[in-house]
2 protein chains.
Amino acid sequence: MSCQMPLEKSTQPNPSAPTLAEAKAQFINLWGVSGTSWGVSKTLAQVHALLLVSPQALSTEDIMEQLSISRGNASQTVRELIDWGLIYKELRPGERREYFVAEKDILRVTQCIIAARKRRELDQMKRTLDQLAQLPGNDTDPDYRAFHTVLTDIQQLADTSDKLLTRLMKAERNWFLDKFLKLFL
Amino acid sequence: MSCQMPLEKSTQPNPSAPTLAEAKAQFINLWGVSGTSWGVSKTLAQVHALLLVSPQALSTEDIMEQLSISRGNASQTVRELIDWGLIYKELRPGERREYFVAEKDILRVTQCIIAARKRRELDQMKRTLDQLAQLPGNDTDPDYRAFHTVLTDIQQLADTSDKLLTRLMKAERNWFLDKFLKLFL
DNA sequence: CACAAGTTTCAATAATTATTGAAACTTGTG
DNA sequence: CACAAGTTTCAATAATTATTGAAACTTGTG
């Protein structure tokens, strides 16, 4: 990987610029690797990282070039990031090309991620658990009781997590910083 | 899938037994599907689910048979679950075969999962972030400042998450139920 | 020490998931 | 309405990840 990566154009040549570009590349890489171990595609995480550290909005073309991915991949990934609420379209008058900017407020970023995962996985899971927990059975069967206990415990955990996540999601900055951090940690 | 799954032997035939076995199968399936979307292999999640709803300890052979997986897969998966602290070996005097039981206390299960993921991913991430944040640069370069801001924000988030998770991990049942649930949710 | 009854390892393979890229589509403009 | 400049879709393919299963290993026993 060349040190002279075209990650940004500085107005005048600057000796520390290559290092900054390199640091950005490392950050994009870190995000990509971390993403995969949490069940998010590498590209999704990388595009997000790229936009997070890019002060200007980038076009699909820019994203393709900087991450060496195909047009189709860029298009799909960008659409998914919009779904999550993590990036926004930026339209420029007189241009047909679309540009994208990342939500830069990390608290909001966190809330978007929590919200998306909660509704995609936790809510679905709770529905299935509720349904399974309704299974009738005779309480004298120890096997039935054991199953029921595990199920009820997990349901309780899911409820608690749900409430905690909802709270974190709706938290305002002040609540988050003051009450939460100071009182709790 | 047959209703007469050999998930357990009840001492006497019981009309609700097939339904219970079916419910267990559904639960194992739910766990498997949920696992994959959080970056955990399907088999790992399924073996865990199987042992969670099994009142008796199961041998590798039992696990292979009930989930239709190979010996090698069962062996590796079981080892990984032990690593996570989610299941225990149970040795029976006079038998060479090993049996496995799941940790059934959901609070502990949660703590094990949090601990494992924290050390595997969060801690590694914090290390890389710290290193990247040290990048020197001139504060007059807006590009540098933007990058540094994002990095610092994410570091702060990582720290907060870390503290929150550590707290949840060490929480005792009473603290968890009382302080946490009542005061917070 | 030979064997039986298991467990573990790991290269080969299968299954899954992500990515490409060409074709179809969209939209604004002369 | 034809065309230019984009975006989106999706079947084919590539890359990744999980799984198999045979061989190597381990361990207790006659």
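What you see is a predicted model, and the numbers here were worked out from it, not measured in a lab. Chain letters run A, B, ... following the sequence lines, proteins first and then strands; every chain starts at 1.
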Cluster overlap [X] with [Y], hydrophobic side-chain contacts below 4.5 Å:
X      : Y      : answer
A:L52  : B:L135 : yes
A:V101 : A:I113 : no
A:Y88  : A:I82  : no
A:L67  : A:V78  : yes

Find the distance [X]:[atom1] to [N]:[atom2] and express it as a whole number of Å.
X     : N      : atom1 : atom2 : value
B:E80 : C:dT7  : CD    : P     : 18 Å
B:E98 : C:dT8  : CD    : C1'   : 10 Å
A:K89 : D:dG6  : NZ    : P     : 14 Å
A:R97 : C:dG28 : CZ    : P     : 17 Å
A:I63 : D:dT7  : CD1   : C1'   : 13 Å
B:L81 : C:dT8  : CG    : P     : 13 Å
A:R92 : C:dT27 : CZ    : P     : 21 Å
A:E95 : C:dT27 : CD    : P     : 18 Å

Single hit among B:R117, B:R119, B:K118 for salt bridge (Lys or Arg N to Asp or Glu O under 4.0 Å) with B:E121: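 With B:E121 as partner, B:R117, B:R119, B:K118 yield a single salt bridge (Lys or Arg N to Asp or Glu O under 4.0 Å), made by B:R117.
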
For D:dT8, does OP1 or OP2 lie under 4.0 Å from any side-chain N or O of A:S75?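 Looking at the OP1 and OP2 atoms of D:dT8, one of them is under 4.0 Å from a side-chain N or O of A:S75.
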
Every protein N/O lying under 3.5 Å from an N/O of nucleotides 22-26 of chain D:
none

Side chains of residues 30-37 of chain B: which donor-acceptor partners sit under 3.5 Å, not counting sequence neighbours?
from: B:S34; atom 1: OG; to: B:L30; atom 2: O; distance (Å): 2.8
from: B:T36; atom 1: OG1; to: B:V33; atom 2: O; distance (Å): 2.6
from: B:S37; atom 1: OG; to: B:S34; atom 2: O; distance (Å): 3.1

So which protein N/O to nucleotides 15-19 of chain C N/O distances come out below 3.5 Å?
from: C:dT19; atom 1: OP1; to: A:T43; atom 2: OG1; distance (Å): 2.6
from: C:dT19; atom 1: OP2; to: A:T43; atom 2: OG1; distance (Å): 2.8

List the steps, then state whether salt bridge (Lys or Arg N to Asp or Glu O under 4.0 Å) holds for B:R120 with B:D83. CA-CA 12 Å; B:R120 273 160 222 229; B:D83 271 8; 5.0 Å; no

Set out, in order, the CA-CA distance, both residues' side-chain angles and the distance that settles side chain to side chain contact (heavy atoms under 4.5 Å, CB included) for B:F100 and B:L81, then state yes or no. CA-CA 10 Å; B:F100 305 93; B:L81 282 169; over 6 Å; no

Which residues pass the side-chain hydrogen bond (donor to acceptor under 3.5 Å, both in side chains) test with B:K126, not counting sequence neighbours?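 B:D159, B:D162.
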
side-chain hydrogen bond (donor to acceptor under 3.5 Å, both in side chains) against B:N29, all qualifying residues, sequence neighbours excluded: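 Checked B:N29 against side-chain hydrogen bond (donor to acceptor under 3.5 Å, both in side chains); zero matches.
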
Counting only heavy atoms not in A:R108, do more than 12 fall under 6.0 Å of its CZ?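 Result for CZ/A:R108: open.
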
Using heavy-atom distances to pick each residue's nearest nucleotide on DNA chain C, tell me which of A:G94 and B:Y99 is more 5'.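 Closer to the 5' end of DNA chain C: B:Y99.
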
Contiguous pairing runs of three or more, Watson-Crick or G-U under 3.5 Å, that involve DNA chain C: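 Looking at DNA chain C, the stems formed by three or more consecutive pairs are C:1-30 with D:1-30.
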
